[in-house]
Number of protein chains: 2
Amino acid sequence: MSAVLAFKPVPRTIYMSKAEAPSGARKFEVTCSSCNLRELCLPGALAAEDMARAENLVYARRRVKRGEALFQAGAEFNAVYAIRSGFFKTGLVDGEGREQVTGFFMGGELIGMDGIGTGTYHGSAIALEDSEVCILPYTLIEEMAREVPALQRHLHAVLAREIVRDHGVMMLLGSMRAEERLATFLINLSKRFVRRGYSASDFHLRMTREEIGSYLGLKLETVSRLFSKFQDEELIEVEQKHVRILDIAGLERVLAGK
Amino acid sequence: MSAVLAFKPVPRTIYMSKAEAPSGARKFEVTCSSCNLRELCLPGALAAEDMARAENLVYARRRVKRGEALFQAGAEFNAVYAIRSGFFKTGLVDGEGREQVTGFFMGGELIGMDGIGTGTYHGSAIALEDSEVCILPYTLIEEMAREVPALQRHLHAVLAREIVRDHGVMMLLGSMRAEERLATFLINLSKRFVRRGYSASDFHLRMTREEIGSYLGLKLETVSRLFSKFQDEELIEVEQKHVRILDIAGLERVLAGK
DNA sequence: CGACCTTTTGAACGTATTCAACCGATGTGG
DNA sequence: CCACATCGGTTGAATACGTTCAAAAGGTCG
């Protein structure tokens with residue numbers, strides 16, 4: 001359908017991990033314990049001793065330029081990725097060509113878990129800005145999860161958290177009206193930015209109206225109209241991709257059905 | 001909102017596992033290796049020697065009567081359940097009282113994984129007919145996953161499969177029209193019944209139109225109308241909860257946008 | 001600077017919802 | 001065991017919400 005979402009396989013240069021992370025440099029660069037996203041990430045929430053071992057999970061890093069795929073649906077699965085910086089969307093295309101954005105992901109969040117079990121990624125992940133990810137090879141994760149119970153537990157928690165997140169999206173898509181969906185989306189983004197030390201009320205949308213629409217089960221025109229409406233109601237200020245939330249309580253009131 | 005979906009906490013008798021499975025009897029009764037759902041279940045797909053160990057995963061069984069909750073949202077998490085017989089719906093209620101059915105589950109399928117990580121179940125599971133489940137205590141799963149790599153891998157696969165399933169539902173809710181949703185639903189049910197040795201074309205719906213509607217993001221009247229429409233088009237025959245698929249290819253054509 | 005992509009807004013339209021009435025099935029208590 | 005109440009399902013008519021089609025303006029990038 002639309003090439004805009006770009007979830008379909010396209011020929012592109014694959015950034016080899018080796019290129020970014022020469023074996024010599026790696027050990028010094030890759031230190032989860034000093035990463036400021038440590039609290040949010042997979043190796044996070046581990047005791048100091050475990051953390052030291054968990055650092056070996058990160059095989060290397062990889063840079064992904066805006067518009068590029070970190071992985072494509074159907075590609076061979078062998079690693080999960082932790083976002084170190086940047087912003088991604090994940091999504092899939094079905095047999096009839098329908099596209100669906102399944103999520104937006106930022107620093108400290110893990111993507112690629114949909115590949116576990118089948119050996120191929122089920123969906124695609126595309127960078128919405130120049131990004132960098134830590135590569136966590138699945139065989140390493142498996143191994144270490146056996147040896148470090150805290151990591152095992154944490155891994156399960158991360159997988160379960162994704163399931164819970166998905167159920168939230170189902171609620172959004174299945175039971176909310178358009179306004180409620182967009183309000184939920186903005187509140188959710190705001191919360192996630194805050195946890196990362198950014199402003200709760202003032203941020204830059206990395207995705208297009210079409211991508212927001214796909215995620216929320218709406219058309220891009222509807223998303224645009226709703227932004228204008230929220231602006232008229234003085235809940236937010238929008239100028240292109242820049243959003244400023246003026247009245248969080250007001251947005252929450254939208255959720256409560258006015 | 002509606003008491004119909006019954007996802008809200010209600011006082012009810014909890015069936016104690018001990019009552020169903022006196023410690024003496026248990027060992028003889030609970031044998032995954034002879035269970036006919038073994039292929040689909042968690043201990044499934046393990047080599048004979050691993051299977052013997054994995055059987056210890058099943059702490060006990062529990063019967064759940066139609067209409068009863070296997071677990072409620074917010075209840076303390078300590079086990080995952082494998083459905084041995086019967087039929088369940090899972091769902092949740094948000095802060096505003098919106099209800100969303102997140103899935104329907106049948107023999108051999110696992111539910112309750114949304115409780116991993118947080119210590120409490122995120123959603124509820126309610127039996128749509130008298131059912132029996134195997135109780136897999138999470139601490140046991142953790143332990144054995146460390147010792148039996150095949151089980152570890154299988155567990156991850158089950159969790160990932162749930163994520164993939166959820167993404168499919170997002171696609172359904174976000175990108176499909178009402179007819180396409182119902183056709184997808186029927187085709188999916190049909191496939192799952194076949195794998196369990198039931199007819200692909202002739203089955204009994206355990207859920208109400210309202211529950212189907214909630215799952216598909218539609219109102220019950222719309223679901224009812226669509227059933228009638230499909231019947232008029234000679235794709236199916238419906239009489240109350242009994243469905244007979246007359247033209248699977250026709251249903252698949254509905255998905256393809258006619 | 002020019003081509004293309006993204007966003008906005010209007011007007012007409014269509015799909016699914018809402019409200020309402022009715023029927024049949026199911027289950028309970030007298 | 002039947003009567004009656006309740007629940008689940010169907011269908012019609014009016015309505016509403018979000019979509020579609022269209023045009024134009026504003027950004028962005030090579």
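In what follows, chains carry the letters A, B, and so on, assigned in the order in which the sequence lines appear, proteins first and then strands, with residues in each chain numbered from 1.
Salt bridge present: A:Arg98 and B:Glu180 bring a charged side-chain N and a carboxylate O closer than 4.0 Å. With respect to the salt-bridge test (charged N to carboxylate O, under 4.0 angstrom), the residues A:Glu109 and A:Arg192 qualify. A:Asp202 and A:Arg244 are joined by a salt bridge, as a carboxylate oxygen and a charged side-chain nitrogen come within less than 4.0 angstrom of each other. Using a 4.0 Å cut-off between charged nitrogen and carboxylate oxygen, A:Glu179 and A:Lys229 count as a salt-bridge pair.
Other residues, nucleotides and ligands contribute at most 12 non-hydrogen atoms within 6.0 Å of the CZ atom of A:Arg66.
Residue contacts for A:Arg181: at a heavy-atom cut-off of 4.0 Å it reaches no nucleic acid atom on any strand shown.
One interatomic measurement links the two molecules: CE of A:Met207 to P of C:dT7, which rounds to 11 Å at whole-angstrom precision. Atom-to-atom, CG of A:Leu220 to C1' of C:dT9 comes out at 12 Å; the value is rounded to the nearest Å. Atom pair B:Phe230:CZ and D:dG9:P shows a separation of 17 Å (rounding to whole Å applied). As rounded to whole Å, 18 Å separates atom C1' of D:dG18 from atom CZ of A:Arg209. For the pair B:Glu237 CD and D:dT10 P, the interatomic distance rounds to 14 Å; values are reported in whole Å. Rounded to an integer number of Å, the gap from CD of B:Glu239 to P of C:dA25 is 8 Å. Rounded to whole Å, atom P of D:dG27 lies 16 Å from atom CG of A:Leu205. Between the CD atom of A:Glu180 and the P atom of D:dG18 there is a distance of 9 Å, given to the nearest Å.
Every residue two or more places apart in sequence or in another chain was checked for a salt bridge (charged side-chain N to carboxylate O under 4.0 Å, His left out) with A:Glu221, and none qualifies.
OP1 or OP2 of D:dC29 sits under 4.0 Å from a side-chain N or O of A:Arg66. For the OP1/OP2 pair of C:dA25 and a distance below 4.0 Å, the side-chain nitrogens and oxygens of B:Lys241 include no atom meeting the criterion. A close approach under 4.0 Å does occur between a side-chain nitrogen or oxygen of B:Ser228 and OP1 or OP2 of D:dT11.
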Short heteroatom pairs, N/O only, protein and nucleotides 16-19 of chain C, under 3.5 Å:
from   : atom 1 : to       : atom 2 : distance (Å)
C:dA16 : OP1    : B:Ala178 : N      : 2.7
C:dT17 : OP1    : B:Lys219 : N      : 3.4
C:dT17 : OP2    : B:Lys219 : N      : 3.3
C:dT17 : OP2    : B:Thr222 : OG1    : 2.2
C:dT18 : O4     : B:Arg225 : NH2    : 2.7
C:dC19 : N4     : B:Glu221 : OE2    : 3.4

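Aromatic ring pairs are classed by plane angle as parallel below 30°, tilted from 30° to 60° and perpendicular above 60°; the pair B:Tyr81 and B:Phe71 is parallel.
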